[in-house]
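Just below is one structure, and these are the notes that go with it.
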Amino acid sequence: MSKKVVIIGGGIIGLSSAYYLQKAGHEVTVIDKSDFSSGASHVNAGIITPSHIISLAAPGMINKGIKWMLSSSSPLSIKPRLDLDFFKWSLLFKKASTHKKVQQSVPIIKDINLFSKELYENIKASNDFDFFYQNKGLLMYYKTDKAGEEEWNVGKQAIKEGLKVENLTKEEVQKLEPNSNLDIKGAVYYHSDAHMTPNEFIPQLKLHLEKNGVTFLLNEEVLDINISDDKVGSITTNKQTLLADEYVLATGSWTQDLAKKLQTNIPVQAGKGYRINVKEETGITIPAILMEAKVAVTPMNGFTRFAGTMEIGGINHKINPTRVKTIANAGEQYYSGLKIKQEDIDNADCGLRPCSPDGLPYIGRLSKVKNVTVATGHAMMGWSLGPATGKLVSEIISDEKTSLNLAPFIPERFR
C-alpha cells in the first residue's frame with residue numbers, strides 16, 4: 001500500500017531512505033534546513049568500510065579523550081560542558097566501552113556494512129547513475145610497531161569474520177602505491193572496502209529522486225511535531241504545516257532535540273570532523289588511514305581528500321585552524337614530498353557526525369509514536385551505511401520483513 005512519507009533530513013541517510021521508499025511506490029517528501037550543499041555527507045572520507053568492525057565506544061576511548069582534552073591538535077577531543085544531555089551521553093558511552101560489548105557489536109557492524117556495500121554496487125549497476133566508485137580496499141598505515149600490532153590484532157579478528165586482510169611490509173606497500181613516497185613501517189590491508197566521491201554522488205541522487213517524483217523542501221526547518229493519540233498528525237515548519245502517513249527522522253546530530261518533541265530519548269552527540277581537498281596530483285591511488293594521526297586519505301574523482309578528527313563539543317560549525325593544520329601535517333609526515341598548499345588548508349570544511357553512545361546507529365520505529373521511524377547515530381560510518389539504512393527504513397514503512405535483524409539498532413534502547 002502506497003503511503004505518504006515525510007523524511008526530515010537530507011543527508012546520505014535521508015536521501016537513501018527516499019531512494020528506496022520511492023522505489024517501493026511511496027509518495028516521498030524530503031525536508032532539510034539547508035540547501036543540500038553542506039553537512040557531514042559532503043565532507044566525509046567517502047569510504048565504504050566493512051573493515052571498521054570496532055565501534056567508536058572502544059575500551060579506553062574515554063581515557064584517551066580525557067588525556068587529549070587539553071590538546072588542540074589531538075585526533076579525539078571530548079570537550080566537557082555544562083549540558084545534561086552531554087553528561088548522560090558520556091555515562092552511557094563509558095558503560096558501553098567494555099570489551100564484551102564491543103565484541104558483541106563486531107558481527108553487527110560488519111554485516112550492515114557488507115549489506116550497504118552490496119546495495120551501493122547495485123545502484124552503480126542500475127545505469128541510472130554515473131558516479132566514481134572503486135573497490136580497492138583500505139590500507140592502514142603505521143609508523144610504529146605498537147600501532148601495527150594493534151591493527152593486526154583487529155585484522156586477525158576481521159579474518160575470523162570472513163574478511164580478506166593482509167599484513168604488509170613497507171616494501172609490499174610500495175609495490176601497490178609506487179608513486180606516493182610513503183614514510184611508514186608497514187600497513188594492514190583490508191581488501192573489503194570501497195570508496196566514492198560524496199559531493200558527486202549526492203547531486204546525482206537528488207536529481208534522480210526529483211525525476212522520480214520526490215519533493216524537496218529546501219531551507220525549511222521543523223519547529224514543532226504535533227502528536228495526536230499515539231501518532232504524529234502533522235509537523236510544523238518555519239514555512240508550513242505538513243501532513244503524512246509516516247515520518248522518518250534522519251536528522252543526524254540534531255536528533256535528540258526533535259526526539260524530545262516525540263516524548264522519547266535518543267542520545268546523540270555531534271562529532272565534528274574536518275576535510276582538506278588537495279587538487280594537485282598526489283600519486284595516491286588506494287584509500288588509507290594514517291593510524292597514529294587518525295587521518296583518512298581518499299583518492300577521489302579529481303582530487304585527494306584528507307579527513308579527520310572527532311571533536312565532540314556540541315553543535316557548531318566553527319573551524320579550528322589548529323586541527324585543520326594537524327590533518328595537513330599528518331599527510332605530509334606519511335607521504336614524503338607531499339606539500340599541501342595553504343589555499344587548500346584555508347578552504348577546509350567541517351561536518352557534524354551523529355554519535356550514539358554505543359557506536360551503533362539507531363534504525364527502527366518508535367514504540368510510543370507509531371508512525372515515526374528513526375535513522376541516525378551512524379557516527380563516522382554514515383556514508384558507508386547510507387543505502388543499508390535507507391533500505392531498512394523502506395522495509396519498515398512498507399511492513400516488509402527487514403533484510404537485517406533490527407534488534408541491535410532499536411532507537412529507544414537507552415530509555
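Quantities reported herein were computed from a predicted structural model and do not represent experimental measurements.
Formation of a donor-acceptor pair under 3.5 Å by the S116 side chain with backbone atoms of S384 is found in this model. Remark: side-chain polar atoms of Q269 are not paired, donor with acceptor, to backbone N or O of P354 under 3.5 angstrom. A donor-acceptor pair under 3.5 Å links the side-chain atoms of S356 to the main chain of G359, judged by distance alone. Side-chain atoms of K294 never come within 3.5 Å of backbone atoms of M310 as a donor-acceptor pair (strictly under, hydrogens ignored). Checked by atom type and distance alone, the side chain of S16 pairs as donor or acceptor with a backbone atom of I12 at under 3.5 Å. A donor-acceptor contact shorter than 3.5 Å is absent between the side chain of E151 and the backbone of Y142. Under a 3.5 Å cut-off, the side chain of D358 and the backbone N or O of A96 do not form any donor-acceptor pair. At distances below 3.5 Å, at least one donor-acceptor pair connects side-chain atoms of T282 with backbone N or O atoms of I284. Distance alone, capped at 3.5 Å, places no donor-acceptor pair between the T309 side chain and the E311 backbone. Here the side chain of S90 pairs a donor or acceptor atom with the backbone of F86 at under 3.5 angstrom.
Scored by the ring pair (Phe, Tyr, Trp, His ring centres under 6.0 Å) test, Y20 finds no partners at all (sequence neighbours excluded). Under the ring pair (Phe, Tyr, Trp, His ring centres under 6.0 Å) criterion, H26 pairs with no residue at all, not counting sequence neighbours. Residues forming a side-chain hydrogen bond (donor to acceptor under 3.5 Å, both in side chains) with D193 (at least two apart in sequence, or on another chain): S51. Not a single side-chain contact (heavy atoms from CB on, under 4.5 Å) links S2 to another residue, sequence neighbours left out. With sequence neighbours excluded, no residue satisfies side-chain hydrogen bond (donor to acceptor under 3.5 Å, both in side chains) with S17. With sequence neighbours excluded, the residues satisfying side-chain contact (heavy atoms from CB on, under 4.5 Å) with K117 are I48, P50, E121, Y133, N135, A194. In this view, Y189 satisfies the side-chain hydrogen bond (donor to acceptor under 3.5 Å, both in side chains) rule with no residue, not counting sequence neighbours. F132 pairs by the ring pair (Phe, Tyr, Trp, His ring centres under 6.0 Å) definition with H195, not counting sequence neighbours. Judged as a side-chain hydrogen bond (donor to acceptor under 3.5 Å, both in side chains), and not counting sequence neighbours, R275 has no contacts. Looking at residues two or more places apart in sequence or on another chain, you find no ring pair (Phe, Tyr, Trp, His ring centres under 6.0 Å) involving Y362.
Taking CE of M1 as the start and CG of D399 as the end, the distance is 7.5 Å to the nearest 0.5 Å.
Judged by distance alone, the side chains of S234 and T241 never bring a donor and an acceptor atom under 3.5 Å apart. E220 and T237 share a side-chain donor-acceptor pair at under 3.5 Å. One side chain, N301 or E200, offers a donor N or O that lies under 3.5 Å from an acceptor on the other. With hydrogens and angles left out, the side-chain atoms of K88 and N265 include no donor and acceptor closer than 3.5 Å.
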Can L217 and Q240 be said to form a side chain to side chain contact (heavy atoms under 4.5 Å, CB included), step by step?
-> CA-CA 10 Å; L217 303 177; Q240 60 186 304; 3.7 Å; yes
After noting the C-alpha distance and the side-chain angles of R365 and E246, does the key distance pass the salt bridge (charged side-chain N to carboxylate O under 4.0 Å, His left out) rule?
-> CA-CA 10 Å; R365 280 197 186 278; E246 300 273 356; 2.8 Å; yes
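For K95, the NZ atom sits in a loose shell: 12 or fewer heavy atoms of surrounding residues, nucleotides or ligands are nearer than 6.0 Å.
Between D85 and K260 there is a salt bridge, with a side-chain nitrogen of the basic residue lying less than 4.0 Å from a carboxylate oxygen of the acidic one.
The minimum heavy-atom distance linking I13 with G382 is given by the pair CD1-O, 3.7 Å.
Proximity of the aromatic rings of Y334 and Y141 is defined here by a centroid distance below 6.0 angstrom, and this criterion is not met.
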Sequence neighbours excluded and cut-off under 3.5 Å, please list the side-chain donor-acceptor pairs for residues 101-111, or say none.
{"from": "Q103", "atom 1": "OE1", "to": "Q157", "atom 2": "NE2", "distance (Å)": "2.3"}
{"from": "S105", "atom 1": "OG", "to": "V102", "atom 2": "O", "distance (Å)": "2.7"}
{"from": "K110", "atom 1": "NZ", "to": "E161", "atom 2": "O", "distance (Å)": "3.0"}
{"from": "K110", "atom 1": "NZ", "to": "E161", "atom 2": "OE1", "distance (Å)": "3.3"}

Counting only pairs under 3.5 Å, give me each side-chain donor-acceptor contact of residues 337-344, with atom names and distances, residues two or more places apart or in other chains.
{"from": "K341", "atom 1": "NZ", "to": "E280", "atom 2": "OE2", "distance (Å)": "3.0"}
{"from": "Q342", "atom 1": "NE2", "to": "D346", "atom 2": "OD1", "distance (Å)": "2.9"}

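Under a cutoff of 6.0 Å and an axis angle of 45°, K124 and F129 do not form a cation-pi pair. A cation-pi arrangement is absent between K391 and F115 under the rule of less than 6.0 angstrom and at most 45 degrees off the ring axis.
Within the 4.5 Å cutoff, the side chain of I286 has no heavy atoms near those of the P299 side chain.
Using a 30° and 60° split on the angle between ring planes, F201 and W383 fall in the perpendicular class, above 60°.
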